[in-house]
Amino acid sequence: MEFSVLTVNPAKVETACLVVPLFQDGDLLSAAAKLDDASERLIAQLVERGDFTPELANVQLIPFAPGLAAERLLLVGLGKRETFNEGALRKSLDAAFTTLAKLPVDSAAVAFADAEVEDRDVAWNAQMTLESATRAVYRFTQCKSTQSPAPQLRTIELLVSETNQADSAKAGARIGAALGDGVNLARTLGNLPGNICTPTYLANQAETMAAESAGSLDVEILDEAELEALGAHSLLAVGRGSAEPSKLIVMKYQGADNAEESPHVLVGKGITFDTGGISLKAGAGMDEMKFDMCGAASVFGAMKSVIALKPKLNVVAIVASAENMPDGRAIKPGDIVTTLKGLTVEILNTDAEGRLVLCDALTYAERFEPASVVDVATLTGACVIALGDHASGLFSNDDDLALDLLEAGEASWDRAWHMPLWDDYQQQLDSNFADLANIGGRPAGSITAACFLSRFADKYPWAHLDIAGTGWDSGKQKGATGRPVGLLTRYLLDRESELVVTPEA
Ligand code: BES
Ligand code: MN
Ligand code: ZN
C-alpha cells in the first residue's frame with residue numbers, strides 16, 4: 001500500500017473518499033468539526049437525526065457532500081470515549097477499510113490521527129492505519145479459476161493536524177505497510193492447500209525471498225540426507241510416512257553493523273499437513289490441518305517485514321517442515337527416536353508431532369549463540385480450549401523475554417497470555433523406556449507440550465508461542481490470520497532500539 005501524509009484543511013482535500021472517525025459521545029473530533037463547518041453541519045445533523053450512530057465499527061458512506069472537495073465521505077464510529085483503546089481503534093479501522101476495499105476508489109484520505117489512544121502516539125496510529133488498509137485489500141484467489149474484481153484501493157493519504165506530526169506519521173506508516181505485507185504473506189502460505197504448500201514449497205519460498213531481497217537474506221536448506229548426517233532423527237521421524245521430503249529451512253538476515261552480534265532467532269513449526277499419522281485424527285474438519293504450518297508462515301511473514309524495514313540487528317529464522325502421514329514406513333506409538341540433542345524420546349502419540357520437529361530445530365539454533373529464541377507453533381488443541389482465538393499462549397524460561405513479547409503483543413494488538421512453565425509439570429513427560437515421552441496426558445496439555453520443548457531450549461533465553469487458536473479462523477471466514485506476524489515484528493523492531501547505546505554523560 002502506498003501512502004503520503006497531508007497537513008491541509010480536510011474540507012479542501014481532493015480525494016475519492018475522505019474517511020472520518022466520530023465518537024458516540026462528546027464534541028466532534030478536529031477533522032470532523034472542520035468538515036462540519038464547511039458542509040452546512042452535515043455530520044452533526046446526520047448524528048442528531050439518528051441517521052448515523054457512531055457505535056464502534058459502524059460505517060456510513062455519504063456519496064457526495066456539499067462544500068467539501070472530497071468526492072465521498074465515509075463516517076466511521078469509534079464507540080464511547082471511555083472504552084476506546086487499541087482494540088477499538090483496530091476494529092474501527094478494519095470496518096472502514098473493509099468498506100473502502102469494496103468501493104470503486106483507488107485512494108482515500110484518512111483522518112484517523114484524530115482517534116487518539118491513550119499512551120500511543122501519531123506514529124503508532126499511522127502504523128495501525130496502514131496495516132489495516134493492507135490487510136483489508138488481501139484476497140486469496142490463487143486457487144479460483146474465475147476471479148472476482150480485485151480491490152482498487154492502492155494509496156492512503158494520512159491527514160494530520162500539525163506539520164510537526166508528519167515525520168512520525170510517515171515513520172509509522174512505513175512500518176504498518178511492511179507489517180501488513182508480512183501478515184498477508186503469512187496468510188497466503190497458510191491458506192495454500194497441503195498438496196501445493198509442501199515442505200519443498202516452503203523451501204522454495206525461502207529461496208525466492210532471498211533472491212528478491214537484494215542480498216539482505218541468506219538461505220540454507222537442509223534436506224533429508226543432510227538432516228540424517230546431522231542426527232536430526234526426531235524431525236525426520238515425523239516425515240517418514242510421507243512421500244514429501246522433510247526440510248530444515250534456515251534464513252539469515254544481517255542488519256547489525258557487527259556481523260558477530262548475537263542474532264534473535266525465530267523458529268516455526270512447518271507441518272504442511274497433519275493427519276495425526278498412525279494416531280490418526282478424526283475426519284471432521286481435518287482439512288484445517290493444512291494450517292499446521294501457520295507458525296512457519298508467521299516466521300516467513302516476519303522475515304518479509306524485516307527485509308523491508310531493514311532494522312539494525314541480526315535475525316535468523318528456522319523452519320522445521322514435514323508432512324505427518326500414516327504409512328507403512330510411518331512412526332508408530334511406542335517408537336523411540338534419538339533427537340539432535342542426544343536425548344531419546346518415546347513417541348506415545350504420533351499426533352504430537354510438532355514438538356518432535358521443533359526440538360531438533362531448537363537444538364540447531366544453539367549454533368547461532370542467540371540473544372533470544374522464539375518458536376511459533378500451532379502446537380496443541382489444549383491451547384485453544386484455554387485461550388480461544390484471542391490470545392496466543394506464551395511460555396518462557398526467561399521472564400524478561402516473556403515481558404518483551406507481552407509488550408510487543410499489546411503494542412501490535414496481537415496479544416499473548418503468559419502461561420506457567422513450572423517444574424511441577426515436567427514429570428508428566430516421564431517415560432519408562434526413553435529419556436522422555438512426547439505426550440504428558442490430558443491435564444495441562446499446552447503446558448506439557450511447552451515443557452517438552454523447554455528440555456531442548458536450555459542454552460539461551462527462549463519463549464514459545466502456541467498459536468493453535470490464533471493462527472487461523474474457522475467457519476464461514478475460514479482462513480489464516482497472519483498472526484503473530486505483528487507481535488514478532490514489533491518484538492524485533494524493539495530490540496533494535498535497545499541496541500542504541502546512549503553516550504555516557
Ligand atoms: N496440530 C495439532 C494441534 C492442533 C489441533 C491445533 C487442533 C489446532 C487445532 C497438533 O499436532 C496435535 O495434534 N496436538 C495434539 C497433541 C496431543 C496428541 C498430546 C492435540 O492437541 O490433540
Ligand atoms: Mn498433530
Ligand atoms: Zn500438528
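Whatever order the structure lists them in is the order used to number ligands and atoms, beginning at 1. All values below were derived from every heavy atom in this structure, side-chain atoms included, with hydrogens, water molecules and symmetry-related copies excluded.
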Trace of the side-chain hydrogen bond (donor to acceptor under 3.5 Å, both in side chains) decision for Thr380 with Asp466: CA-CA 7 Å; Thr380 63; Asp466 193 332; 2.7 Å; yes

Tell me, with the steps shown, if Asp327 and Arg240 meet salt bridge (charged side-chain N to carboxylate O under 4.0 Å, His left out). CA-CA 8 Å; Asp327 178 75; Arg240 283 199 45 146; over 6 Å; no

So Leu421 and Ser454, side-chain contact (heavy atoms from CB on, under 4.5 Å) or not? Walk me through it. CA-CA 9 Å; Leu421 193 68; Ser454 76; 4.3 Å; yes

Walk me through it: do Thr141 and Gln147 pass the test side-chain hydrogen bond (donor to acceptor under 3.5 Å, both in side chains)? CA-CA 7 Å; Thr141 54; Gln147 308 288 320; 3.2 Å; yes

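Within the structure, the closest approach of Glu288 to ligand 1 does not fall below 4.0 Å when heavy atoms are considered. Within the structure, ligand 1 lacks Met293 among the residues with a heavy atom less than 4.0 angstrom away. Under a 4.0 Å heavy-atom criterion, Phe273 is not in contact with ligand 1.
Considering only non-hydrogen protein atoms, atom 1 (N) of ligand 1 sits nearest to Asp292 OD1, 2.8 Å. Protein heavy atom closest to atom 18 (C) of ligand 1, with residue, atom name and distance, is Asn349 ND2, 3.4 Å. The closest protein non-hydrogen atom to atom 10 (C) of ligand 1 is Leu379 O, 3.3 Å. Gly381 N, 3.8 Å is the protein heavy atom nearest to atom 4 (C) of ligand 1. Regarding atom 16 (C) of ligand 1, its nearest protein heavy-atom neighbour is Arg355 NH2, 3.8 Å. Counting protein heavy atoms only, atom 15 (C) of ligand 1 is closest to Asp351 O, 4.0 Å. Protein heavy atom in closest approach to atom 7 (C) of ligand 1: Met289 CE, 3.6 Å.
At least one N or O atom of Lys281, backbone or side chain, sits closer than 3.5 Å to an N or O atom of ligand 1. At a 3.5 angstrom cut-off on N or O pairs, Thr380 does not count as close to ligand 1. Considering backbone and side-chain atoms together, Thr378 places an N or O closer than 3.5 Å to an N or O of ligand 1. Residue contacts with ligand 1: Asp274 is placed with a nitrogen or oxygen under 3.5 Å of a nitrogen or oxygen of the ligand (distance criterion only).
Angle OD2(Asp274) to the Mn ion (ligand 2) to O(Asp351): 170° [nearest 10 degrees]. Vertex the Zn ion (ligand 3); arms to Asp292 OD2 and Asp274 OD2; angle rounded to 10 degrees, 90°. Computed with the Zn ion (ligand 3) at the centre, the Glu353 OE2 to Lys269 NZ angle is 90°, stated to 10 degrees.
Contact annotation: the side chain of Leu309 never approaches that of Val306 to less than 4.5 Å [non-hydrogen atoms, C-beta and beyond].
In the model, Asp360 has no side-chain atom that pairs as donor or acceptor with a side-chain atom of Thr339 under 3.5 Å. Between the side chains of Glu288 and Ser474, a donor-acceptor pair is found at a separation under 3.5 Å. Side-chain contact check for Asn324 and Thr275: no donor-acceptor pair (N or O, by modelled atom type) lies under 3.5 Å.
Relative to the ring axis of Phe452, Arg455 does not place its NZ or CZ within 45° and under 6.0 Å from the centre. In this structure, Arg415 forms no cation-pi arrangement with Trp417, as its terminal cationic atom is not both closer than 6.0 Å to the ring centre and no more than 45° off the ring axis.
Interface of Ala468 with ligand 1, defined as ligand atoms under 4.0 Å from a residue heavy atom, comprises 6 (C), 8 (C). Per-residue contacts place Ile439 under 4.0 angstrom from the following atoms of ligand 1 (heavy atoms of the residue considered): 19 (C). Interface of Glu353 with ligand 1, defined as ligand atoms under 4.0 Å from a residue heavy atom, comprises 11 (O). The ligand atoms of ligand 1 that sit less than 4.0 angstrom from a heavy atom of Lys269 are 1 (N), 10 (C), 11 (O).
At a cut-off of 2.8 Å, Glu353 is counted among the residues with an N, O or S atom near the Mn ion (ligand 2). For a distance bound of 2.8 Å, the N, O or S atoms of Ala377 include none lying that close to the Zn ion (ligand 3). Using a cut-off of 2.8 Å, one finds that Asp351 contributes no N/O/S atom close to the Zn ion (ligand 3).
Under a 4.0 Å N-O distance rule, the pair Asp94/Arg90 does not qualify as a salt bridge. Electrostatic pairing of Glu55 and Lys80 does not count as a salt bridge here, judged by no charged N lying under 4.0 Å from a carboxylate O.
Protein heavy atoms are absent from the 4.0 Å sphere centred on atom 22 (O) of ligand 1.
With respect to Val485, the side-chain contact (heavy atoms from CB on, under 4.5 Å) criterion is satisfied by exactly one of Val299, Asp181, Val183: Val183.
Looking only at distances, no side-chain donor or acceptor of Asn438 sits under 3.5 Å from a matching main-chain atom of Arg355.
Note on ring orientation: taking the six-membered ring where Trp is involved, the planes of Trp472 and Phe291 are parallel (angle under 30°, cut-offs 30° and 60°).
When heavy-atom distances to ligand 1 are checked against a 4.0 Å cut-off, Trp472 comes that close only through its side chain, counted from C-beta outward.
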